[in-house]
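Below, chain A is the first sequence line, B the second, and so on; all start at residue 1.
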Number of protein chains: 2
Amino acid sequence: MRTFVPFDAIEPKTRLSPVLDEEERHAFARTMLADVLDALAACGQEPTVLANAAVDVDAPVSVDEQSLTTAVNDVLERTAEPVAIVMADLGLATPTALASLYDADADVVLVPGRGGGTNAFCARHPTFRVDYHGASIRDHREIANSIGATTQTVDSFRLSTDIDEPIDLAELLLHGEGRAVDWLVDAGIELQVDEGRVAVCR
Amino acid sequence: MRTFVPFDAIEPKTRLSPVLDEEERHAFARTMLADVLDALAACGQEPTVLANAAVDVDAPVSVDEQSLTTAVNDVLERTAEPVAIVMADLGLATPTALASLYDADADVVLVPGRGGGTNAFCARHPTFRVDYHGASIRDHREIANSIGATTQTVDSFRLSTDIDEPIDLAELLLHGEGRAVDWLVDAGIELQVDEGRVAVCR
């Protein structure tokens, strides 16, 4: 199994702009990436970062300026062995949670993201391809079915929580175990608790 | 293990008012409750509904007009055997996901809800009590620690997704397996997909 971690090195985490400025978004995104790489290493993987520009990180980096969908499909096309794709913004990922992705044995193992995305997958079928637009988890199930690939879905709150918007930072503060939590605390991001769901403030 | 399912029979799912009128919210909430009860039965439980008013449902109902926190604490106080509390709005709950709650063997097994809530727990410690205000998952961890109870957290996207707001209906449409999905489809609720996260429309 070859693991790739797509990473936007040019404009990372733009939807966090209400709480983090551009430089901070870069630093925070790299910290989450480092956490994800650590968690992958702890479950025995040797991930390659698939970035749209050079990035200084403690792992091999493959630079591909194409769109996410095209870059991932090129990886699937050129890699003879099974491929896992794990997003770089899974700030709650732990080795235990990630093991559930690698331990499942279907042709295509899918991890939905909240809001219809696909936060990670393993593909053991040579013709599986991706399309990250729209409700990609639904499309990926259909693509797998259309090529006769067996599918399995990993049920993990940790892996289904991608950190995109300010409210997602609350999940990281509540449940995170990596350096990204320390980064947020150092940046003065705090939980704001009232009667309803929590929020974050600075 | 005795399982109780708290249910608001008076003003259920008020935050769904942008898409469902009052009568619909009652019908939809009862449908999700029935799905949760079915899933519990399929993993060998015999749940009691803990409602704030009478409700017509295929399970024993215990009516308690007090607040959720007080009603649950009274259950914990008066029940000699271990207690599980499972919320009625876990529209994605499956028998497999719920089994992970019952199979864990800590004194207090917690299932976080998105946004800091506590969607379910099992308590095998006689003095564990709840407080559902604010970021309850954090408070429940602290309460368990303060009484020397061991804790375990269940990592399940299905169990951590409570259906509170219109956007949560998208998760139900994408991943639901019970009658609540059919109810939504019959009511004309559909996924709305564009480049970002999905939404629902009617």
Side-chain angles (χ1 to χ4, degrees), chain A residues 14-15 67-69 92-100 110-120 131-141 152-162 164-165 167-175 177 190-200, chain B residues 14-15 67-69 92-100 110-120 131-141 152-162 164-165 167-175 177 190-200:
Chain A
T14 48
R15 286 196 272 168
S67 74
L68 175 64
T69 294
L92 301 185
T94 57
T96 303
L98 286 166
S100 64
L110 295 162
V111 181
R114 192 153 51 80
T118 305
N119 282 1
D131 180 355
Y132 281 106
H133 296 97
S136 68
I137 191 69
R138 195 174 55 173
D139 298 336
H140 291 152
R141 282 183 202 138
Q152 195 168 336
T153 300
V154 174
D155 179 27
S156 166
F157 171 67
R158 290 191 167 277
L159 300 185
S160 289
T161 305
D162 43 327
D164 274 332
E165 300 180 5
I167 187 62
D168 302 328
L169 300 179
E171 305 299 346
L172 198 48
L173 288 169
L174 281 163
H175 306 292
E177 298 179 3
E190 289 177 10
L191 269 185
Q192 193 172 30
V193 179
D194 60 24
E195 293 302 293
R197 281 182 178 173
V198 299
V200 294
Chain B
T14 48
R15 285 195 273 168
S67 74
L68 174 65
T69 294
L92 301 185
T94 56
T96 303
L98 285 166
S100 64
L110 295 163
V111 181
R114 191 153 51 81
T118 305
N119 282 1
D131 179 355
Y132 282 105
H133 295 95
S136 68
I137 191 69
R138 195 174 53 173
D139 298 335
H140 291 152
R141 281 183 202 140
Q152 195 167 336
T153 301
V154 174
D155 179 27
S156 166
F157 172 66
R158 289 190 168 278
L159 300 185
S160 290
T161 304
D162 43 328
D164 274 332
E165 301 180 5
I167 186 63
D168 301 329
L169 300 179
E171 306 298 345
L172 199 48
L173 288 169
L174 282 163
H175 306 293
E177 298 179 3
E190 291 177 7
L191 269 184
Q192 194 173 28
V193 179
D194 60 24
E195 294 301 294
R197 280 182 179 173
V198 299
V200 294

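- Neither the backbone nor the side chain of B:Leu173 comes within contact range of chain A, judged by heavy atoms closer than 4.5 Å.
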Quiz prompt | Test log, rule side chain to side chain contact (heavy atoms under 4.5 Å, CB included), inputs B:Thr161 and A:Arg114 | solution = CA-CA 9 Å; B:Thr161 304; A:Arg114 192 153 51 80; 5.9 Å; no

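- When each of A:Ile137, A:Asp155, A:Thr153 is paired with B:His175, the side chain to side chain contact (heavy atoms under 4.5 Å, CB included) condition holds for A:Ile137 and for no other.
- For the options B:Ala170, B:Ser156, B:Ser160, B:Ser100, heavy-atom pairs under 4.5 Å to chain A are most numerous at B:Ser156.
- Considering only heavy-atom pairs separated by less than 4.5 Å from chain B, the leading option among A:Gly117, A:Gly113, A:Pro112, A:Ser136 is A:Pro112.
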Practice problem: Please step through side chain to side chain contact (heavy atoms under 4.5 Å, CB included) for the pair B:Val193 and A:His133, ending with a clear verdict. | Solution: CA-CA 9 Å; B:Val193 179; A:His133 296 97; over 6 Å; no

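- Minimum interatomic distance between B:Leu174 and A:Ala135 (heavy atoms only, all atoms of both residues): CD2-CB, 4.3 Å.
- Looking only at distances, a side-chain donor or acceptor of A:Glu171 sits under 3.5 Å from a matching main-chain atom of B:Gly115.
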